[in-house]
Amino acid sequence: VLVESHGEKDDSNEGTVVDFRGNPVDKSKTGGWLAAGLILGSELSERICVMGISMNLVTYLVGDLHISAAKSATIVTNFMGALNLLGLLGGFLADAKLGRYLTVALSASITALGVILLTLATTIPSMRPPYCDDYRRKHHECIEANGRQLALLYAALYTTALGGGGIKSNVSGFGSDQFDVGDPKEEKAMIFFFNRFYFGISLGSLFAVIVLVYIQDNVGRGWGYGISAVTMVIAVAVLICGTPWYRFKKPQGSPLTIVWRVLLLALKKKNQPYPSHPSLLNDYDNRKVPYTPRFKFLDKAAILDDNCAANAEKNNPWLVSTVTHVEEVKMVIKLLPIWSTCILFWTIYSQMTTFTVEQATIMHRKIGSFVIPAGSFSAFLIISILLFTSLNEKFFVPLARKITHNPQGITSLQRIGIGLVFSVAAMVGAAMVEKERREIAVEKEVKISAFWLLVQFFLVGAGEAFAYVGQLEFFIREAPDRMKSMSTGLFLSTISMGFFVSSLLVSIVDHVTNRNWLRNNLNKGKLNNFYWLLAVLGFLNFLVFLIFASRHQYKMQLPIEPESGEKELKGLNGETIQDMEKKASLQAVGEVEP
């Protein structure tokens, strides 16, 4: 049984699915869960590396390199921000030229190189300032790492970020390519793909924050990062060995070219009158997606003027766009409002890798004679993610299906909304715990148990289980097929912007409060006020999200062949493409009438 393509490339080969030899694929021998599992090994290893770095890096920067808490938090959030922002670059390269497979393989190799450099940066003695004892620490006499010592560290971090971004933006899309949405059986498997994908990589995160963080703190940083590097090298080997079992979709040219070309033509033809009916737009009858009246100003890019019609230039994309390209750009624009409201979730999440770890370092962490590393408390974040990811698949989604009669159960936007609510609750809980911790530490000189941090870890983890899966599904399913990797990069940029916004907020709060809230000694600061600020911003952001989500129109599903043999397209509300386009046409006619 061969997978049939549903489209064209460069509009004649779009969506073509082939095996590693370039032939139409045999579904019985390629794709499915085996291929997806081999691919996701790269993301599992990337997560082990990145979580092993980010969740414990701040303790190294403060403890070994003697950098201030605020500056250390900024270094960590900037690293994570760059990693996710570089996902846009990885997505662009995959969609435009390299394809997802080659991009993942190259990015995994770059990540391995970055972690090897980090191993050297934390192992070579000359890359650290002189040791600082407790007396000098109390009197702020420690020597901070200089630029030369930080150079290799920064090179290692941003090499890792470059590779990690390329993996993140392509591995989920490449994994989803292993399922044919035109096959009802594989479409059903696809519904669980994103949930199981995140469950799997969360297991990698759990290994990183429990095992690797312990090794870093008690055996040596070099050993911890060295193990991560070996894991990444193995993942590259596994990915390459699985090549015969993969399904490949050929890159279809730069998606950014299509976007800016449509925008440019729409601007160039802004004075052109709208046609009396959308069917008069260029290539309307051969459109691959349904026409929609939203963002109608972009339709002008597909208007055939007299010159194009007379000189038969309607196939020249630099003179006139097709309805398909215009509608694809509309799809991208429709993603942006939701994109903007996802950023603050990751700003809140970033506190789990910075100030929450700093809190743990000055709280009671002993169980008997065993001292739990501060970074290992992030394990409770991962456990919460695993718990709620499992509950989603086994309980929430089946229950929602029975109630809503929707195959998805919980829509992607509903998942995101639930995640945002959990994030606000987490900051309220974090503010209350920190206020109590500081008062007891100052007034009674007693360290409360670090297990009180489970409140924020648990709530943020629950939120991430909903928000991450919801956002990933939303940006992949709602984007044009040719822009799947770029759309994943767009999703990752919300994480990136969240970390950068955290850095910006820390700098602003530091300046406005004259370093009164965020201090190296948390007992003399007011970290709880910073958490309250995030809670208020998160609540306001949620209200804006509700407005945008209520106005979002879901993209049409891909074409399938019903048993009757007639091709039919349906949206999430059950309307056929003909029904929806009829409404769109009537609306468009109404808009051009005087």
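Just so it is clear, the structure is predicted and the values come from calculations on it, not from any experiment.
With respect to Asn528, the side chain to side chain donor-acceptor pair (under 3.5 Å) criterion is satisfied by exactly one of Glu439, Lys435, Arg437, Arg438: Arg438. With Phe458 as the partner, the ring pair (Phe, Tyr, Trp, His ring centres under 6.0 Å) test is satisfied by one option alone out of Phe451, Phe388, Trp452, Phe377: Phe388.
Between Thr159 and Val115, the closest side-chain pair of non-hydrogen atoms is not below 4.5 Å. Here the side chains of Asn529 and Asn516 are not in contact, with every heavy-atom distance at 4.5 Å or above. Two residues are said to be in side-chain contact when any heavy atoms from C-beta on lie closer than 4.5 Å; Pro373 and Asn218 meet this criterion. A 4.5 Å side-chain heavy-atom check between Leu505 and Leu537 finds at least one atom pair inside the cut-off. Side-chain contact check for Met432 versus Trp532: some heavy-atom pair is nearer than 4.5 Å. At least one side-chain heavy atom of Tyr531 sits less than 4.5 Å from a side-chain heavy atom of Thr356. Counting heavy atoms from C-beta on, the side chains of Met80 and Val50 come closer than 4.5 Å. The shortest side-chain heavy-atom distance between Phe457 and Met352 falls under the 4.5 Å cut-off.
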Between side-chain atoms of residues 71-79 and protein atoms elsewhere (two or more places apart, or another chain), which donor-acceptor pairs fall under 3.5 Å?
residue : atom : partner : partner atom : Å
Lys71   : NZ   : Glu144  : OE2          : 3.1
Ser72   : OG   : Ile67   : O            : 3.4
Ser72   : OG   : Ser68   : O            : 2.8
Thr74   : OG1  : Ala70   : O            : 3.0
Thr77   : OG1  : Ala73   : O            : 2.9
Thr77   : OG1  : Thr74   : O            : 3.1
Thr77   : OG1  : Ser503  : OG           : 2.4
Asn78   : OD1  : Ser503  : OG           : 3.1
Asn78   : ND2  : Thr74   : O            : 3.4

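Tyr468 has its ring centre less than 6.0 Å from the ring centre of Phe491.
In this structure, Glu478 does not pair ionically with Lys334, as no charged nitrogen and carboxylate oxygen lie closer than 4.0 Å.
Checked by atom type and distance alone, the side chain of Thr411 pairs as donor or acceptor with a backbone atom of Gln414 at under 3.5 Å. When atom types are taken as modelled, the side chain of Trp339 and the backbone of Leu490 share a donor-acceptor pair closer than 3.5 angstrom. Between the side chain of Gln149 and the main chain of Asn146, a donor-acceptor pair closer than 3.5 Å is present.
Ring orientation note: the planes of Phe345 and Tyr349 are close to parallel, at an angle under 30° on the 30°/60° scale. Between Phe530 and Phe355, the ring planes lie perpendicular to each other; the angle is over 60°, past the 30° to 60° tilted range.
The CZ atom of Arg148 sits 13.0 Å away from atom CG of Leu153, with the distance rounded to the nearest 0.5 Å.
Between the side chains of Gln359 and Gln456, at least one donor N or O lies within less than 3.5 Å of an accepting N or O.
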